[in-house]
Number of protein chains: 2
Amino acid sequence: MRPREFDNDDVLRIALDRFWRNGVRGTSLSDIARDAGVQRGSLYNAFGSKEALFLRAYERYAGDYVGAVQAALGAGSLRKRLTAFFDLTITNFRSGTPPRGCPTTRGLMELGSAEGEGLDEDARWAFADLVTRITGLVEDALAAGAKRGEFSGAPEAAALHIVTVTRGLAVLERAFGDEAQLRKIAAHTIDLVLGKKSRQAEPRSHER
Amino acid sequence: MRPREFDNDDVLRIALDRFWRNGVRGTSLSDIARDAGVQRGSLYNAFGSKEALFLRAYERYAGDYVGAVQAALGAGSLRKRLTAFFDLTITNFRSGTPPRGCPTTRGLMELGSAEGEGLDEDARWAFADLVTRITGLVEDALAAGAKRGEFSGAPEAAALHIVTVTRGLAVLERAFGDEAQLRKIAAHTIDLVLGKKSRQAEPRSHER
DNA sequence: TCGCATTCTTGACATCATGTCAAATACATT
DNA sequence: AATGTATTTGACATGATGTCAAGAATGCGA
């Protein structure tokens, strides 16, 4: 058989870059084909559709992100772990120029449900899977912290709460583009969950 | 001059319905024109572009939503107010069949940044404005609660945290479609912010 | 009452997107 | 070297956004 003239992973990296910067709606397969030096038809042959290509590219991203979260949550005091987790997440949202935001949140909102039939199942699965895995990792960190007396509470509810906040941060990033604001919310969340040992709150600083 | 053959507000209502159910990407001006019994060209004449039409329709929605939030946050104990606020928000996300989700979050992620140039300023403003106004209302409720001794803390930070959680709920709604989960997170958030007076936590109930 | 300016409507058109297909192509295997 | 097979390539169909010019309908002044 005839060998493929491009590297599959190269294309996925290039596609993720475009999708992340411009969104699914704002990216055409012609763009990606040009960037990758590949014919548009070859992309259809290799991946099937724009959505399928995005999903493949997204899965690479998700794997990397989960790995990084695991590393961030794996060492130090519970407060250090959570701080590292939020730090990683916010830095991720703010990477690129201009900042690219959160591909999970954006992809979830952009994909599927084009004709009244609900969100495409593959897509929903991909995004839900990431949220579930991150929640699990946070839960583990909280459970470990509980064993060491750093956390008293239900790790499940707290983990879900924390991950919900990270999703909210993704939305606020898009609305305000104010990184300092995101970091303030993150710090406040950690204080709430951990019981605000140490750390005094700065008065008057909620910007629009 | 020749009078317009359709009611402007009718079209905005019809457009919002489509946009809310199917998203901006999933709705064509032909759809809206058919629904409204209007020529597609007339929509361009009256509104300029699909995005502009969406923004106009969205502004109507935003006004209604802010009004409802104001009502929900205006009476009863602080806990009751916050409960009513979350209740309203989640019910809003879950309205329609299938549930339509949060138009703010979805619109924010779908619009703009098509060619590397950041999010369209009008769009960003519309969404940011809603978040800002809601945050302000929550802040007022917390400040009032603080006066009555129901809340001790910085209303600004707490309000922003609460609103961030509602944005996160919008994302999780889309990912899992599990209303009970959303309500659980909301209850937990209220407990965290208010200090968990009363209410025992149910163990083992974090579903994927 | 008539005509005119102004706005709205309508259909044609240009452009670009996704997605399909058949024919040409180039390698791997025998 | 011949052949099978997957890939490439360009043409095509469809549908979306957005523009434009010409026609239509009304309000208003003469």
Side-chain angles (χ1 to χ4, degrees), chain A residues 1-12 14-19 21-58 106-107 110-117 119-120 122-123, chain B residues 1-12 14-19 21-58 106-107 110-117 119-120 122-123:
Chain A
M1 38 182 230
R2 180 171 179 173
R4 196 159 286 182
E5 289 181 4
F6 56 90
D7 183 277
N8 225 301
D9 280 2
D10 285 348
V11 169
L12 289 179
I14 290 167
L16 176 64
D17 180 60
R18 274 278 188 182
F19 284 132
R21 282 187 292 130
N22 303 132
V24 177
R25 182 166 169 259
T27 302
S28 76
L29 282 207
S30 305
D31 293 335
I32 296 171
R34 196 176 330 107
D35 286 2
V38 166
Q39 284 297 112
R40 202 169 55 87
S42 297
L43 297 180
Y44 279 98
N45 175 61
F47 300 102
S49 75
K50 178 173 160 177
E51 243 187 61
L53 172 57
F54 171 71
L55 247 35
R56 290 281 301 272
Y58 174 73
R106 187 169 187 176
E110 273 190 300
L111 254 53
S113 102
E115 251 319 290
E117 87 293 306
L119 178 62
D120 175 76
D122 286 347
Chain B
M1 40 183 226
R2 181 172 178 173
R4 195 159 288 181
E5 288 180 5
F6 56 90
D7 184 277
N8 226 302
D9 281 2
D10 284 349
V11 169
L12 288 179
I14 290 168
L16 176 65
D17 180 61
R18 276 278 188 182
F19 284 132
R21 283 186 292 129
N22 302 132
V24 178
R25 184 167 167 256
T27 301
S28 76
L29 282 206
S30 306
D31 293 335
I32 295 170
R34 197 176 329 108
D35 287 1
V38 167
Q39 284 298 113
R40 202 169 55 86
S42 297
L43 297 180
Y44 279 99
N45 175 60
F47 300 101
S49 73
K50 179 173 159 179
E51 245 188 58
L53 172 56
F54 171 72
L55 247 36
R56 291 280 301 271
Y58 172 75
R106 188 170 186 175
E110 273 191 299
L111 253 55
S113 101
E115 252 318 290
E117 88 291 313
L119 179 63
D120 174 77
D122 285 347

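Letters A, B, ... mirror the listed sequences (proteins, then strands); counts begin at 1.
- The distance from the CG atom of B:Leu12 to the CG atom of B:Asp17 is 12.5 Å, given to the nearest 0.5 Å.
- Closest to the side chain of A:Arg4, from the set C:dC8, D:dT17, D:dT8, is D:dT8.
- Between B:Tyr44 and B:Pro3, the residue anchored nearer the 5' end of DNA chain D, judged by the nucleotide with its closest heavy atom, is B:Tyr44.
- Checking side-chain atoms of B:Ser42 against main-chain N and O of B:Val38 turns up no donor-acceptor pair under 3.5 Å.
- Judged by distance alone with a 3.5 Å cut-off, a donor-acceptor contact links the side chain of B:Arg40 to the base of D:dG18.
- No donor-acceptor pair closer than 3.5 Å links the side chain of A:Asn22 to the backbone N or O of A:Phe19.
- The B:Lys50 side chain lies nearest to D:dT17 when the options are C:dG19, C:dT10, D:dT17.
- Taking atom CE on A:Met1 and atom P on D:dT3, their separation rounds to 20 Å, with Å as the unit.
- Note on A:Gln39: a side-chain N or O is less than 4.0 Å away from OP1 or OP2 of D:dG10.
- Judged by distance alone with a 3.5 Å cut-off, a donor-acceptor contact links the side chain of A:Arg2 to the base of C:dT25.
- For A:Asn45, taking side-chain heavy atoms from C-beta onward, the closest of the listed nucleotides C:dT20, D:dA16, D:dT8 is D:dT8.
- Distances shown here put every side-chain N or O of A:Ser42 at or beyond 4.0 Å from the OP1 or OP2 atom of D:dT7.
- Atom CD in A:Glu5 sits about 13 Å away from atom C1' in C:dA24, given to the nearest Å.
- A:Lys50 places no side-chain N or O within 3.5 Å of a backbone atom of A:Tyr44 that could act as its donor or acceptor partner.
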